[in-house]
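By convention in this document, chain letters (A, B, ...) are assigned in the order of the sequence lines, proteins followed by strands, and residues within each chain are numbered from 1.
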There are 2 protein chains.
Amino acid sequence: MMSPKIESFVMHCGEMGSRWGFNRTIGQMCGLLVISKQPLTANEISDMLNISRGNVSMGIKELQSWRLIQVQHKPGDRKEYYTPAGSIWEMAIRVFEERRKREVDPTLSLLRDNMLEEPADESEAYAQDKMREIHDLLDSLTHFASELPQMGPERLHSLMKLGAGVGKVLDMKDKFLKQSNK
Amino acid sequence: MMSPKIESFVMHCGEMGSRWGFNRTIGQMCGLLVISKQPLTANEISDMLNISRGNVSMGIKELQSWRLIQVQHKPGDRKEYYTPAGSIWEMAIRVFEERRKREVDPTLSLLRDNMLEEPADESEAYAQDKMREIHDLLDSLTHFASELPQMGPERLHSLMKLGAGVGKVLDMKDKFLKQSNK
DNA sequence: CTAAAGTTTCAATAGTTTCTGAAAGTTTAT
DNA sequence: ATAAACTTTCAGAAACTATTGAAACTTTAG
């Protein structure tokens, strides 16, 4: 049915899925759709992965809520065909975005609420300090992440290859700006 | 026992813990240790969070395997006191590193193995293409992440504030290098 | 309107993970 | 060597999550 290479990949996606906030079968479904050249129907997915039709239906709903898959229709065919919604890069961005909405945003708002109140004693003052530290880190990270989509994979690639060299480029930029201001 | 502000933070850490690869109580333990000025004993943790002593012991082991907490001893006291292992920044880096080891490295090696073999047909060729795309993205990300620790939080902060502006800085650098080569 | 082709829902079941608490283990002081 | 103070382990119970499959629903064609 599935070639062994493809199967090993799909099963691995299942394992990873369960660590990344979906469950095993949803991970498998996502992996399968990504490496399939042709769009697949719900029944095909159910057969290829040996999972019940109902489970596939719930999985599709979930993957749609993550904006990772799309429906397609073929003329003269009532079935719904599913494909990944965009490139790997776009899908990765969407997972980050969704997780930010679901996990980071509520955390930031809890931290902010907590920081507004006056600390009642020394231990609360310390706690607030730490919360501010966490808040600032999360805030920086989300700002950065929110710019990624506009950056595209090529620029990301050069940024990533640069690695810690980024520090040097930043210094260079600062120097340059200082000179201009003189 | 715990002030309401601190409690709400700790409970929230529990929720987040369960989405980030630990479980709820381990998340709570970690949150509690991070915002406590004083080191805590296992019994104190057990009392403050209302969880069994055995559970705390397992949680400590797990947090140590993530390199997130440290033991301390007080002179003339046999108990073990626990504190976070480093700053928030260092703890975040450790979580990324551990997850890379546990999740990304095995994925990369599976993808590489799969890509070495000759595709048997068109659909395998397509699958291999997609696998290469995933491989290259993960590979870039891990390279970048591996440089973060040497960068420190201040530089990260300026990089993050820069956001998509990074693109422009990269272009600037490229131009600069071209001119030097002429 | 009805049948056929398809999709979704949801109660029940299966499977997995987490937590407890009692027993076993370890370390230190005397 | 013993007892006291503390920690770890692990089998079983409790809690939670995922999966099935049959019934209900929707859509289209004739």
Chemist: Would you say A:T25 places a side-chain N or O within less than 4.0 Å of OP1 or OP2 belonging to D:dT19?
Modeler: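 True: A:T25 side-chain N/O within range (under 4.0 Å) of D:dT19 OP1/OP2.
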Chemist: What is the distance, to the nearest angstrom, from the CG atom on A:N50 to the C1' atom on D:dT20?
Modeler: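 The answer, rounded to whole Å, is 13 Å.
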Chemist: Would you kindly give the CG-to-P distance between A:D47 and D:dT20, to the nearest whole Å?
Modeler: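 So the two atoms are 12 Å apart, to the nearest Å.
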Chemist: Between B:E44 (CD) and D:dA5 (C1'), how many Å, whole number?
Modeler: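 Atom-to-atom, B:E44 to D:dA5, this comes out as 15 Å.
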Chemist: Can you check whether A:I6's main-chain N or O pairs, donor with acceptor, with B:E124's side chain at less than 3.5 Å?
Modeler: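 Here the side-chain-to-backbone pair does not exist.
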Chemist: Please determine if A:E97 and A:R100 form a salt bridge, counting it only when a charged side-chain N lies under 4.0 Å from a carboxylate O.
Modeler: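 No, no charged N to carboxylate O under 4.0 Å.
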Chemist: Where is the tightest heavy-atom contact between B:M91 and B:P84, given as atom of each residue plus distance?
Modeler: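 That would be SD-CB, 3.8 Å.
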Chemist: So is A:R19 actually on top of B:W20's ring, under 6.0 Å and inside 45° of the axis?
Modeler: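 Geometry flag: not set, cation outside 6.0 Å or 45°.
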Chemist: Using atom CD1 of B:I26 as one end and atom C1' of C:dC19 as the other, report the distance to the nearest whole Å.
Modeler: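 After rounding, the gap between these two atoms is 11 Å.
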Chemist: What integer distance in Å separates B:I45:CD1 from C:dT20:C1'?
Modeler: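 It is 17 Å, rounded to the nearest whole Å.
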Chemist: Look at the side chain of A:Q64 and the backbone N and O of A:G59, then say whether any donor-acceptor pair between them is shorter than 3.5 Å.
Modeler: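 Judged by distance alone, no pair lies under 3.5 Å.
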Chemist: Using five pairs at each end of the helix from C:dC1-D:dG30 to C:dT30-D:dA1 to define an axis, what is the angle between those two axes, to 10°?
Modeler: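 It comes to 10° between the two terminal axes.
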Chemist: Between the side chains of A:R24 and A:E15, is the shortest nitrogen-to-carboxylate-oxygen separation below 4.0 Å, so that they form an ion pair?
Modeler: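 A salt bridge is absent here (no side-chain N lies under 4.0 Å from a carboxylate O).
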Chemist: In whole angstrom, what separates B:R19's CZ from C:dT17's P?
Modeler: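 Nearest whole value for this atom pair: 18 Å.
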Chemist: Looking at B:W66, does the NZ or CZ of B:R102 lie under 6.0 angstrom from its six-membered ring centre and within 45 degrees of the ring axis?
Modeler: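 B:R102 over B:W66 ring: yes.
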Chemist: Which nucleotide in the list C:dC19, C:dT20, D:dT19 gets nearest to the side chain of A:N23?
Modeler: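 Taking heavy atoms from C-beta onward, the closest nucleotide is D:dT19.
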Chemist: I'd like to compare against my own output: the B/S/- annotation of nucleotides 6-12 of chain D with a strict under-4.0 Å heavy-atom distance to protein.
Modeler: SSBBB--
Chemist: Measure CD/B:E15 against P/C:dT18 and give the value in whole Å, please.
Modeler: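 It is 13 Å, rounded to the nearest whole Å.
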Chemist: Verify, without hydrogens or angle tests, whether B:S52 (side chain) and B:N55 (backbone) share a donor-acceptor contact under 3.5 angstrom.
Modeler: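 At least one qualifying donor-acceptor pair exists.
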Chemist: How long is the line joining CG of A:L49 and C1' of D:dT20, in whole Å?
Modeler: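 These atoms are roughly 15 Å apart.
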Chemist: Could you tell me which non-hydrogen atom of A:K130 sits nearest to which non-hydrogen atom of B:V34, and how far apart they are?
Modeler: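 Heavy atoms of A:K130 and B:V34 come nearest at CG-O, 3.5 Å.
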